[in-house]
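Working notes, beginning with the structure itself.
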Number of protein chains: 2
Amino acid sequence: MQEILRKHIEKIISLTDEEFTFVWSHFTVKKYKKHQFLIQEGEAVKYHYFVLSGLLKLVYTDEAAKEHIVSFAMEDWWESDFYAFYTQTKATLSLECLEDTEVLCLSLDGYKKLCDDLPEMVRFFLEKANFGFIASQRRIISWLTLSSRERYEQLLKQSPSLIQRVPKSLLAAYLGVSRETLSRLSS
Amino acid sequence: MQEILRKHIEKIISLTDEEFTFVWSHFTVKKYKKHQFLIQEGEAVKYHYFVLSGLLKLVYTDEAAKEHIVSFAMEDWWESDFYAFYTQTKATLSLECLEDTEVLCLSLDGYKKLCDDLPEMVRFFLEKANFGFIASQRRIISWLTLSSRERYEQLLKQSPSLIQRVPKSLLAAYLGVSRETLSRLSS
DNA sequence: ACAAACCTCACGATTATCATGTGAGGAATG
DNA sequence: CATTCCTCACATGATAATCGTGAGGTTTGT
């Protein structure tokens with residue numbers, strides 16, 4: 001389990017054993033069952049999560065109580081309600097398990113301490129933040145430039161393994177179409 | 001919805017309109033979906049819950065990851081991880097929805113304020129606490145004096161409506177027997 | 001030592017829930 | 001006016017959950 005995190009980090013930066021022990025000490029491991037929530041709307045967001053195994057959905061529920069999927073998080077993915085986490089305000093999103101899931105939890109204090117005491121970790125988190133930022137922009141661009149069918153096809157290409165694990169109704173909520181429309185687009 | 005709380009409280013104490021408005025201002029309403037958790041083991045317990053509609057189970061999970069049902073909470077029921085709530089420590093129990101559920105949430109500060117500013121509410125909460133305490137003792141007595149079959153029969157008499165809404169495997173976990181044994185006791 | 005009570009594992013049947021595809025009417029948009 | 005998509009409804013199939021039962025084993029009380 002430590003190995004997973006170390007491999008993940010060392011894709012980007014190098015760490016000595018001592019440095020990694022320090023990094024590891026800021027994380028706690030937690031297991032959740034399918035349907036359980038890591039984050040609930042209206043609650044404080046204490047952690048930034050790294051997925052060891054399992055699958056999560058980050059959900060925005062609108063005033064009509066309709067669920068929209070902001071993102072999915074599978075293994076090797078970082079997820080949280082980032083706005084609420086960094087500003088220490090209440091969550092506007094919820095993070096729910098689609099499968100039994102095991103995560104590493106990093107608190108804001110832990111995060112800051114890692115950045116203060118290990119400058120290499122700043123580079124690591126920067127890379128992750130940039131990755132997320134770029135992914136968001138590309139998603140916006142695809143929303144602006146592609147039809148629903150094209151966006152679905154793009155998703156199929158980019159995340160074939162995700163498609164296997166997620167009900168089509170959730171994929172539809174992620175793509176911003178109804179599940180009936182997605183069914184029709186798939187033909 | 002206010003009406004439900006008012007009726008519930010006025011079974012025990014009288015409140016003027018002004019007093020009730022004050023009481024009501026300390027509650028917030030929340031809706032949860034089936035499978036969602038109000039309390040998760042290891043988390044802070046911020047609220048004492050009053051069930052407006054729906055059904056909850058209060059669960060203790062042992063070291064072998066086996067679930068035991070401490071209690072169920074249906075309409076007109078108060079529930080929480082009381083120890084964790086009053087001591088503001090981390091939950092050792094979890095509170096999960098068996099149905100879509102709507103609750104009123106009362107924080108510890110709100111609870112204290114109600115008691116400080118409205119002595120009648122002390123009497124109300126005392127009555128509730130006594131009720132819960134007595135129910136726990138009767139349960140202990142039934143554990144000490146009755147066979148499993150007899151405890152099941154007693155539950156059938158006391159909570160016929162609950163029995164309809166809860167899977168037998170959960171009733172078994174509440175009674176402290178296996179679901180196979182409960183099946184056999186039912187014959 | 002033995003009977004009773006219960007657990008656990010396994011299996012099979014049934015029921016409930018979930019997922020999915022499709023039809024049809026309607027709204028919004030270009 | 002055509003196209004795209006939504007919503008509601010229905011039907012079907014797959015999956016998950018529930019439940020009863022058999023059998024072997026353990027624990028407990030007498």
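A note on names: the letters A, B, ... follow the listed sequences, proteins ahead of strands, and every chain is numbered from 1.
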**Study point:** Nearest-Å distance for atom pair NZ/C1', residues B:Lys34 and C:dC18
**Key:** 11 Å

Point to revise | Whole-Å distance separating the CZ atom of A:Arg165 from the P atom of C:dC18 | key: 21 Å

**Study point:** Rounded interatomic separation in angstrom, taking CG from A:Leu98 and P from D:dT15
**Key:** 17 Å

Exercise for review: Can you check whether any acceptor in the base of C:dG21 is under 3.5 Å from a donor in the side chain of A:Arg184, or vice versa?
Suggested key: no

Check your understanding: Where the side chain of A:Glu180 is defined as all heavy atoms beyond and including C-beta, which of C:dG21, C:dT22, D:dT21 is the nearest nucleotide?
Key -> C:dT22

Check your understanding: In this structure, which one of B:Leu155, B:Leu182, B:Val70 forms a side chain to side chain contact (heavy atoms under 4.5 Å, CB included) with B:Tyr174?
Key -> B:Leu155

Point to revise | Closest to side chain of A:Pro167, choosing from D:dT7, C:dT20, D:dT18 | key: C:dT20

Practice item. Could you check how far CD of B:Glu150 sits from P of C:dA4, rounded to whole Å? Key: 16 Å

**Study point:** Listed partners of B:Phe82 passing ring-ring contact (aromatic ring centres under 6.0 Å, His included), at least two apart
**Key:** B:His48

Review point. How close or far is atom C1' of D:dC8 from atom NZ of A:Lys66, stated in whole angstroms?
Key: 14 Å

Exercise for review: Heavy atoms only: give me the nearest A:Tyr60-A:Glu63 pair and the separation to one decimal.
Suggested key: OH-OE2, 3.8 Å

Revision key, fill the gap. Separation of C:dT14 atom C1' from B:Arg179 atom CZ, nearest Å, is 13 Å

I'd like a table of atom pairs between the protein and nucleotides 2-5 of chain D - only N or O on both sides, under 3.5 Å - with the distance next to each one.
unit_1 : atom_1 : unit_2   : atom_2 : d
D:dC5  : OP1    : A:Ser148 : OG     : 2.7

Point to revise | Spacing of A:Glu99 atom CD relative to D:dT15 atom C1', expressed in whole Å | key: 15 Å

Review point. With a 4.0 Å cut-off, would you call A:Arg6 and A:Glu3 a salt bridge?
Key: no

Review point. Which of these, B:Leu15, B:Asp17, B:Leu118, sits in a side chain to side chain contact (heavy atoms under 4.5 Å, CB included) with B:Phe22?
Key: B:Leu118

Review point. In whole angstroms, how far is the P atom of D:dA14 from the NZ atom of A:Lys168?
Key: 14 Å

Point to revise | Closest approach of A:Ser94 to A:Gln40 (non-hydrogen atoms, all atoms of both residues) | key: CB-CA, 4.1 Å

Review point. How far apart are the closest heavy atoms of A:Leu114 and A:Leu106, and which atoms are they?
Key: CD1-CD1, 4.0 Å

